[in-house]
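Each ligand, and each atom within it, is numbered from 1 in the order the structure gives. The model shown is predicted, which means the values in this text are computed figures rather than measured ones.
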Amino acid sequence: MKKAALHNLGCKVNAYETEAMQQMLEIAGYEIVPFTEAADVYIVNTCSVTNMADRKSRQMLHKAKHKNPDSVVVATGCYAQTKEEEALLDPAIDVVIGNNKKHELVERIDAFFKDDTDNEYVADINNEPQQYEELFLSRTAEHTRAFIKVQDGCNQFCSYCVIPYARGRVRSRKLKNILAEVNRLADNGFKEIVLTGIHLSSYGVDLSEEENLLSLIKEVHKIEKIERIRLGSLEPKIVTDEFAEELSKLSKVCPHFHLSLQSGCNETLKRMNRKYTAEEYKAGCDRLRKYFKHPAITTDVIVGFPGETEDEFNITKKFLEDVHFYEMHIFKYSPRRGTRAERMPNQVDNQIKAARSAQLIELGNRMSEEYREYYTDTIQTVLFEEEVTINGEKYFTGYTMEYVKVAVKSDKDLSNQFIDGKIVGKLQDDVYLMER
Ligand code: SF4
């Protein structure tokens with residue numbers, strides 16, 4: 001039996017695809033072994049979101065070849081797609097499989113075993129029309145929460161981002177295939193699913209007029225065994241009154257919304273080629289707060305974008321305080337080769353980026369703490385996931401609907417169970433203690 005090892009880099013969509021490839025290899029009769037062990041075939045699902053991600057992708061591919069020089073090393077994903085020529089010249093890489101070609105993985109490996117010049121499967125994803133690439137999962141590595149890919153590609157072309165070139169234009173997955181996968185996962189015990197995509201808010205733009213993200217969520221909501229639905233990152237402008245109101249009527253939808261912001265300053269947003277203003281963003285958050293009680297709103301922010309002055313940064317900082325987030329992921333801008341932002345004047349000094357990042361991390365920590373504190377002395381329902389040791393004692397941890405991490409003492413295995421209890425206060429860092 002041939003052995004295969006896989007390694008994933010990057011986002012949740014890549015993670016989904018890596019698990020799907022693993023399941024394809026298992027069905028084809030491969031034994032899956034850890035990436036650190038000797039294997040006949042190594043697959044690295046690469047990432048290209050930053051120059052650093054490119055570098056890490058190359059490192060993992062080289063590590064694989066080093067582990068077993070006789071193995072077949074397959075580079076797939078976004079680095080393989082955007083740096084096809086470089087990958088083909090790399091002696092550590094045997095086969096290059098671009099995005100939208102991963103479903104052919106097993107056939108492509110077989111072909112290479114027969115003829116080692118048969119090693120390149122990369123579509124011109126930006127010029128040739130593409131269909132959504134169907135991959136299938138029946139389980140995932142996570143125990144209670146399954147991420148499901150429903151969409152691929154992006155039409156937004158933010159000035160700092162290479163992803164539209166790596167993934168191509170928006171392609172939505174067919175409803176019947178999504179529902180079949182959710183049902184399969186539900187039958188295998190998953191109670192919570194996360195709908196995810198490269199640009200989730202664009203779900204349906206290439207389908208019929210009635211199909212969009214809201215209609216998809218309503219269909220998934222009908223699946224009995226699924227008890228919680230979370231949403232991946234959303235575009236702020238999708239949050240219309242109708243969207244927020246309709247979602248609030250769906251009891252399984254978690255009031256946990258990640259609205260990607262990047263900057264709270266309109267001038268910076270313009271240079272980023274983001275398609276909303278700070279005011280429109282704030283209006284989306286206000287609508288969520290109108291229809292949901294204390295929703296968890298989380299976001300991403302880039303500091304030190306080219307041309308970001310002290311004034312622009314302060315506008316963003318004030319905006320973040322005004323909106324008030326549960327969690328913020330702060331990124332220091334790092335130029336991505338081949339993007340418009342890389343060629344912009346007034347690149348910001350690394351020390352300034354670090355100082356701005358530190359300020360926002362501090363602000364984020366304060367707001368997170370405030371958000372969690374709100375739940376002290378309230379009764380919450382938690383979906384427990386795993387046993388952990390905190391301060392030398394055994395607990396089970398899980399999450400509330402709003403994604404607040406909670407621990408409870410228990411001698412029994414609580415994994416994948418919903419338990420109600422009272423939140424009595426902070427246990428450690430971001431973990432709150434529940435008593436039953
Ligand atoms: S929305 Fe912008 S940042 Fe997100 S994938 Fe598309 S181009 Fe990149």
- Step by step, work out the side chain to side chain contact (heavy atoms under 4.5 Å, CB included) result for T397 and V406. CA-CA 5 Å; T397 57; V406 170; over 6 Å; no
- Could you grab the protein N, O or S atoms closer than 2.8 Å to atom 6 (Fe) of ligand 1 for me? C154 SG
- Item | Check: F257 ring centroid to F292 ring centroid under 6.0 Å | yes
- So, do Y403 and Y326 have ring centers that fall under 6.0 Å from each other? no
- Query: Are the aromatic ring centres of F305 and Y333 under 6.0 angstrom apart?
  - Reply: yes
- What protein heavy atom sits nearest atom 4 (Fe) of ligand 1, and how far off is it? R274 NH1, 4.5 Å
- Query: Are F35 and Y42 close enough that their ring centres sit under 6.0 Å apart?
  - Reply: yes
- Message: Please verify the inter-ring angle class for H329 with H258; under 30° counts as parallel, over 60° as perpendicular, anything in between as tilted.
- Response: tilted
- Message: Could you tell me, atom by atom, which parts of ligand 1 come under 4.0 Å of a heavy atom of Y160?
- Response: 3 (S)
- Does Y374 have any ring pair (Phe, Tyr, Trp, His ring centres under 6.0 Å) partners at least two apart in sequence or in another chain, and if so, which? H294
